[in-house]
Amino acid sequence: MTVVIGFEGSANKIGIGIIRDGEVLSNPRRTYITPPGQGFMPSDTARHHRAVILTVLKEALDQAGLKPADIDCVAYTKGPGMGAPLVTVALVARTVAQLWGKPLLGVNHCVGHIEMGRLITKANNPTVLYVSGGNTQVIAYSERRYRIFGETIDIAVGNCLDRFARVIKISNDPSPGYNIEQMAKKGSQYVELPYTVKGMDVSFSGILSYIEEAAHKMLSSGQCTAEDLCFSLQETLFSMLVEITERAMAHCGSQEVLIVGGVGCNLRLQEMMDVMCKERGAKLFATDERYRTDEVEVTWRD
């Protein structure tokens, strides 16, 4: 049985996981968290990853109960992602591969998310909604290639949520998106926001510009609460994502939907997608936060 150790560090999370013949043996992680109102700079993120990566590596081996001699292959995220963190983690992965005398495998970040989702959920051939801080795409697999049926034409949905969190100073611990989700549960008033679907594609920059400009005015005047804005933003963004996913399902004749990426952790997105799937007689697949955020993605399609 093949044992693969994978290094992931494309953004503010760093993870090292070990898989044996499809079974996840270990998956320790660390997250670089910045103060409220701030994002994470590539250089600072890379510095964080350098400081913790050897500790995380030791944890991965200890949790799996394995030694370097038990590893058959070393995998790492080769992109897409933030340049400095990617280089930092790739350097360590290459060094480990040379020291241990193991083959080195570069993995596409996006494909890794999808294949990890398929591995964990046992989805057969789903229409995939890939939503994260840097990606928003509706994807299906055909003729040994992933085909993009729809995507954002500007910023990713996770980036939109993160930047809104900075505007109203929502904490980055454990993540802005998670904290927006919790605040949205307390919202009761829907604030109408721009809804921009263009065929199979979506646009989030206009929504962000609108809510950035309107947020402080509405909050200071008492028109709504911060919770109402979180609720309204989620409902609008996720409705757009459900619409283009359903359109892709109809085009592909698919009866399965798989949500991957960090934003896929949002239970409200899963709930809205599940309603659409049930109306179509389809099935929704989603993993938990251990496998949906950026960590090790070391499986690949045969």
Side-chain angles (χ1 to χ4, degrees), residues 22-24 110-132 135-153 156-158 160-161 177-178 180-181 184-185 187 190 192-204 207 231-293 297 299-302:
E23 178 189 1
V24 179
C110 307
V111 174
H113 268 297
I114 297 170
E115 291 298 334
M116 178 59 77
R118 289 184 64 247
L119 173 71
I120 298 301
T121 65
K122 309 302 182 186
N124 180 33
N125 190 25
T127 296
V128 179
L129 176 64
Y130 174 26
V131 279
S132 66
N135 299 274
T136 300
Q137 296 174 322
V138 179
I139 302 168
Y141 191 79
S142 176
E143 299 178 359
R144 298 186 63 82
R145 289 183 182 274
Y146 281 106
R147 315 285 178 173
I148 299 173
F149 286 86
E151 61 185 335
T152 176
I153 61 175
V157 62
C160 181
L161 291 167
Y178 175 81
I180 288 176
E181 179 184 3
K185 293 175 182 177
Y190 178 77
E192 189 171 348
L193 300 172
Y195 185 99
T196 313
V197 174
K198 300 183 177 182
M200 288 297 299
D201 297 328
V202 290
S203 172
F204 300 123
I207 302 171
F231 166 73
S232 303
L233 183 60
Q234 274 198 170
E235 294 297 303
T236 304
L237 298 180
F238 296 166
S239 294
M240 293 163 59
L241 296 174
V242 171
E243 179 180 337
I244 63 171
T245 302
E246 183 175 20
R247 198 167 290 152
M249 291 177 68
H251 181 81
C252 299
S254 173
Q255 290 299 302
E256 295 179 335
V257 172
L258 172 64
I259 304 177
V260 299
V263 180
C265 293
N266 191 295
L267 296 181
R268 178 56 181 157
L269 173 58
Q270 294 181 34
E271 179 184 13
M272 294 171 70
M273 193 68 71
D274 191 47
V275 170
M276 181 273 288
C277 287
K278 287 178 178 177
E279 290 177 350
R280 296 183 61 85
K283 187 173 182 180
L284 174 66
F285 293 89
T287 61
D288 62 38
E289 51 83 27
R290 292 175 298 168
Y291 308 112
R292 208 176 293 118
T293 54
E297 295 114 3
T299 57
W300 59 94
R301 200 161 191 136
D302 292 334

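With contacts defined as side-chain heavy-atom distances shorter than 4.5 Å, the pair I180/Q234 qualifies. Within the 4.5 Å cutoff, the side chain of R268 has heavy atoms near those of the E235 side chain. Counting only heavy atoms from C-beta outward, the side chains of M116 and L119 approach each other to under 4.5 Å. Residues M240 and V157 form no side-chain contact, since every pair of their non-hydrogen atoms from C-beta on lies 4.5 Å or further apart. I120 is listed as a side-chain neighbour of V24, based on a closest heavy-atom distance under 4.5 Å. Side-chain atoms of V197 and R247, non-hydrogen and from C-beta on, do get closer than 4.5 Å to each other.
Within the model, atoms CZ of F204 and CG of L161 stand 8.5 Å from one another, a figure rounded to the nearest 0.5 Å. I114 contributes atom CD1, which lies 4.0 Å from atom CD1 of I139 (distance to the nearest 0.5 angstrom). To the nearest 0.5 Å, the span separating CG on L258 from CE on M273 amounts to 10.5 Å. Rounded to the nearest 0.5 angstrom, I207 CD1 and C160 SG are separated by 6.0 Å. Atom CE of M249 sits about 9.0 Å away from atom CD of E256, to the nearest 0.5 Å. In this structure, OG1 on T245 lies 12.0 Å from CZ on F238, to the nearest 0.5 angstrom.
Listed by chain and residue number, H251 satisfy the ring-ring contact (aromatic ring centres under 6.0 Å, His included) test with F149 (two or more places apart in sequence, or in another chain).
The shortest heavy-atom contact between I244 and M200 is O-CE, 3.4 Å. In terms of heavy atoms, A248 sits closest to V138 at CB-CG1, 3.4 Å. A pairwise comparison of heavy atoms in C110 and N135 identifies SG-OD1, 3.9 Å as the closest pair. Nearest heavy-atom pair across G262 and S132 is N-CB, 4.0 Å. The two residues E181 and L267 make their nearest non-hydrogen contact at OE2-N, 2.9 Å. Scanning both residues, L284 and C277, for their nearest heavy atoms gives CB-SG, 4.1 Å.
In this structure a side-chain-to-backbone donor-acceptor pair under 3.5 Å is missing from Q137 to Y130. Q270 places a side-chain N or O within 3.5 Å of a backbone atom of G264 that can act as its donor or acceptor partner. Between the R118 side chain and the P126 main chain, no donor and acceptor come within less than 3.5 Å of each other. A side-chain donor-acceptor contact under 3.5 Å links D201 to the backbone of E151.
When the shell of 6.0 Å around NZ of K185 is examined, it contains more than 12 heavy atoms from other residues, nucleotides or ligands. In this structure, F285 places its CZ atom where more than 12 heavy-atom neighbours from other residues, nucleotides or ligands lie under 6.0 Å away.
Using bins of under 30°, 30° to 60° and over 60° for the plane-to-plane angle, the ring pair Y146/Y141 lands in the perpendicular bin.
For the residue pair S254 / T127, a side-chain donor-acceptor distance below 3.5 Å is found, with atom types taken as modelled.
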